[in-house]
Amino acid sequence: MLEISTLRLEKERVLTGLKKKNASEAQFNMVDKIIELDDLRKKLQTENDNLLSESNKISKEIGDLFKSGKQAEAGELKNRVAEIKEQTKALDEQSKNVLTEINDLLIQLPNLPHSSVPYGKHAEDNEVFKSWDGPLDDLFAEAIPHWELAEKYKLFSLSDGVKLTGSGFPVYKGKGAKLQRALITYFLEKATDAGYLEIMPPLMVNQDTARATGQLPDKEGQMYYVERDDLYLIPTAEVPMTNLYRDTIVAEEDLPIKLTGYTPCFRREAGSYGADVKGLNRVHQFDKVEIVQIAHPSKSYNVLMQMLSHVEGLLQELGLPYRILRLCGGDMSFTSALTFDFEVYSKAQKRWLEVSSVSNFETFQSNRLMLRYKDGDGKNKLAHTLNGSALALARIVASILENFQTPEGVVVPDVLRKYTGFDIIN
RNA sequence: GGAGGAAUGGCAGAGUGGUUGAAUGCACCGGUCUUGAAAACCGGCAUACGUGAGAGCGUAUCUGGGGUUCGAAUCCCUAUUCCUCCGCCA
């Protein structure tokens with residue numbers, strides 16, 4: 001959620017930012033409307049505070065009068081307080097309505113993109129930040145896509161998942177399951193080695209939590225919802241991990257705070273179809289190791305670059321062909337100020353698959369989280385939040401299977417062997 | 001799931017209707033003392049919003065919400081959480 005002070009003080013930047021995010025006419029109009037409502041809110045509060053102040057004073061006087069036995073005089077003052085009370089009640093209600101109205105509007109404004117974010121509407125407009133210049137067509141002639149490899153080596157079954165749950169819930173088996181576990185361990189160890197604190201969070205969260213990181217109301221349809229208990233299945237570990245710091249004030253010297261966690265992620269992915277969802281390309285439940293940082297505003301873009309190179313290091317060690325995209329305004333998430341996507345090339349499918357998304361949210365999340373740090377002057381300021389996948393499993397598995405297949409079997413990347421206990425899948 | 005108890009500042013812990021935003025202790029920050037440190041002593045130490053150039057002032061907040069009262073941390077209702085006992089259970 002944007003700060004109202006930003007709307008007031010940096011209106012130009014707000015308007016260009018909205019333009020870059022392809023905001024609607026209605027969203028543009030909200031800017032002035034919000035400021036107007038906020039003016040009204042202030043006016044109402046001043047009025048109300050003055051009344052309350054008067055009534056507090058009178059109450060003290062009444063107390064004194066009672067003590068000195070002047071009940072009669074007190075009676076008159078009581079009437080005045082009753083009068084004030086009626087007025088403040090009305091003002092309270094009005095303020096509440098105005099505040100709700102402000103929030104309803106504010107919550108509809110997306111985060112402002114960083115100056116380096118390119119203009120654009122769709123994924124095709126994303127900028128290639130780092131391209132891959134190695135070979136992409138060096139598979140042997142009989143190479144097959146990962147879902148056929150899965151069948152051949154009995155690594156996972158989507159049809160078993162259909163029987164148990166529905167489409168998009170893979171059941172991993174044998175070496176497929178072990179590979180999964182090896183990747184999780186490998187990713188977690190790399191993250192903890194890099195100074196991230198490992199977290200195992202709940203997989204379901206309440207509304208407050210989902211709202212604070214921006215999943216609600218923006219992505220409500222994307223999450224699984226447990227109606228009976230009013231809980232949401234997490235679409236990413238970012239949600240519980242970042243919310244760990246909701247309503248907190250951290251010491252400036254404790255920044256940056258670095259968290260990592262492995263969780264399954266649940267996404268409804270309504271409306272997806274075709275080649276997009278074949279095999280492990282897009283599933284409703286997948287495993288992911290997430291990294292989160294809470295950073296000082298002056299350092300957050302350095303942190304973003306560190307996170308980028310962390311993810312890059314993983315892909316390099318695994319030996320997968322990858323490229324990095326800087327997302328355009330239209331393809332970025334609602335909450336992000338700058339996002340880099342990592343894509344890995346799946347050689348048998350001959351397509352790029354998104355495996356990581358690394359973003360700086362600046363104060364957009366922390367404003368709703370009320371996540372602050374105390375600066376040198378003892379003032380509380382909003383911290384910046386960042387997160388990234390490091391990495392998302394299902395598609396990594398898909399590309400490992402495809403890219404490392406040989407006529408003898410799939411060769412396990414060196415770095416995983418100490419976790420898998422085998423070096424070939426056959 | 002049933003019965004009872006509790007919830008106060010970073011922590012511990014007073015406070016049961018009227019200068020209580022809240023005693024006291026610990027922690028923390030600044031100072032005096034000291035060659036340095038410790039101890040001792042002195043001072044400071046919540047958050048949000050409004051208002052003001054600023055010092056400051058005002059309002060709200062003692063788990064959340066509602067109520068009683070001129071006045072609530074204190075009384076009532078309600079929600080939540082935690083603890084104890086019973087039941088069930090990986």
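Every chain is numbered from 1, with letters handed out A, B, ... down the list of sequences. For clarity, every value in this text was computed on a predicted model and none was experimentally measured.
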With a 4.0 Å limit, can you tell me whether [X] has a side-chain N or O closer than that to the phosphate oxygens OP1/OP2 of [N]?
{"X": "Arg372(A)", "N": "A48(B)", "answer": "yes"}
{"X": "Lys85(A)", "N": "G71(B)", "answer": "yes"}
{"X": "Lys374(A)", "N": "U47(B)", "answer": "yes"}

For [N], what is the paired nucleotide under Watson-Crick or G-U wobble rules, both distances under 3.5 Å?
{"N": "U24(B)", "value": "A12(B)"}
{"N": "U81(B)", "value": "A6(B)"}
{"N": "G17(B)", "value": "none"}
{"N": "A90(B)", "value": "none"}
{"N": "G52(B)", "value": "none"}
{"N": "C41(B)", "value": "G31(B)"}

Is the closest side-chain donor-acceptor distance between [X] and [Y] under 3.5 Å?
{"X": "Glu47(A)", "Y": "Gln94(A)", "value": "no"}
{"X": "Lys85(A)", "Y": "Ser55(A)", "value": "no"}
{"X": "Tyr232(A)", "Y": "Asn206(A)", "value": "no"}
{"X": "Asp287(A)", "Y": "Gln180(A)", "value": "yes"}
{"X": "Tyr196(A)", "Y": "Gln293(A)", "value": "yes"}
{"X": "Gln222(A)", "Y": "Gln215(A)", "value": "no"}
{"X": "Asp341(A)", "Y": "Ser357(A)", "value": "yes"}

How close or far is atom [atom2] of [N] from atom [atom1] of [X], stated in whole angstroms?
{"X": "Leu77(A)", "N": "G18(B)", "atom1": "CG", "atom2": "C1'", "answer": "15 Å"}
{"X": "Asp208(A)", "N": "G64(B)", "atom1": "CG", "atom2": "C1'", "answer": "11 Å"}
{"X": "Lys379(A)", "N": "A46(B)", "atom1": "NZ", "atom2": "P", "answer": "15 Å"}
{"X": "Asn50(A)", "N": "G58(B)", "atom1": "CG", "atom2": "P", "answer": "11 Å"}
{"X": "Leu52(A)", "N": "A60(B)", "atom1": "CG", "atom2": "C1'", "answer": "8 Å"}
{"X": "Lys96(A)", "N": "G64(B)", "atom1": "NZ", "atom2": "C1'", "answer": "12 Å"}
{"X": "Asp247(A)", "N": "U63(B)", "atom1": "CG", "atom2": "C1'", "answer": "13 Å"}
{"X": "Leu91(A)", "N": "G50(B)", "atom1": "CG", "atom2": "C1'", "answer": "14 Å"}

Between [Y] and [X], is there a side-chain heavy-atom distance shorter than 4.5 Å?
{"X": "Ser116(A)", "Y": "Arg326(A)", "value": "yes"}
{"X": "Ile400(A)", "Y": "His146(A)", "value": "no"}
{"X": "Val289(A)", "Y": "Lys190(A)", "value": "no"}
{"X": "Leu393(A)", "Y": "Phe286(A)", "value": "no"}
{"X": "Leu315(A)", "Y": "Ile396(A)", "value": "yes"}
{"X": "Phe364(A)", "Y": "Leu2(A)", "value": "yes"}

How would you label the contact of Arg41(A) with the nucleic acid (heavy atoms, under 4.0 Å): base, sugar-phosphate, or nothing? sugar-phosphate

What residues form a ring pair (Phe, Tyr, Trp, His ring centres under 6.0 Å) with Phe404(A), not counting sequence neighbours? none

Take atom CD in Glu151(A); do more than 12 heavy atoms of anything else shown fall under 6.0 Å from it?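 Not more than 12 within 6.0 Å, no.
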
Please check if the number of heavy atoms outside Lys178(A) that lie under 6.0 Å from its NZ is greater than 12.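 Not more than 12 within 6.0 Å, no.
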
Would you mind telling me which of U51(B), C70(B), A46(B) lies closest to the side-chain atoms of Thr46(A)?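 The answer is U51(B), which lies nearest to the side chain.
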
Looking only at the side chain of Ser53(A) (C-beta and beyond, no hydrogens), which of the listed nucleotides A48(B), G50(B), U59(B) gets closest? U59(B)

Return the polar atom pairs (N/O with N/O) between nucleotides 53-57 of chain B and the protein under 3.5 Å, or none.
none

Given the [atom1] atoms of [N] and [M], what is the spacing between them in whole Å?
{"N": "A23(B)", "M": "G13(B)", "atom1": "C1'", "value": "10 Å"}
{"N": "G56(B)", "M": "U8(B)", "atom1": "P", "value": "31 Å"}
{"N": "U24(B)", "M": "G15(B)", "atom1": "C1'", "value": "11 Å"}
{"N": "C77(B)", "M": "G58(B)", "atom1": "C1'", "value": "31 Å"}
{"N": "G67(B)", "M": "G17(B)", "atom1": "P", "value": "23 Å"}
{"N": "U61(B)", "M": "G52(B)", "atom1": "C1'", "value": "23 Å"}
{"N": "G30(B)", "M": "A39(B)", "atom1": "P", "value": "14 Å"}
{"N": "C62(B)", "M": "U16(B)", "atom1": "C1'", "value": "14 Å"}

Which residue lies more 5' along RNA chain B, comparing Asn48(A) with Met370(A) via nearest heavy atoms: Met370(A)

Using heavy-atom distances to pick each residue's nearest nucleotide on RNA chain B, tell me which of Lys43(A) and Glu54(A) is more 5'.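 With Glu54(A) and Lys43(A) compared, the 5'-side residue is Lys43(A).
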
Contact residues, residues 55-64 of chain A to RNA chain B [heavy atom, < 4.0 Å]: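 Here the set is Asn56(A), Ser59(A), Ile62(A), Gly63(A).
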
Write out a two-atom table: protein N or O, nucleotide N or O from nucleotides 26-31 of chain B, distance below 3.5 Å.
none

N/O to N/O distances under 3.5 Å, protein versus nucleotides 72-81 of chain B:
none

Considering only residues two or more places apart or on different chains, which pairs with a residue in residues 245-260 of chain A satisfy salt bridge (Lys or Arg N to Asp or Glu O under 4.0 Å)?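 Output for this query is empty, none listed.
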
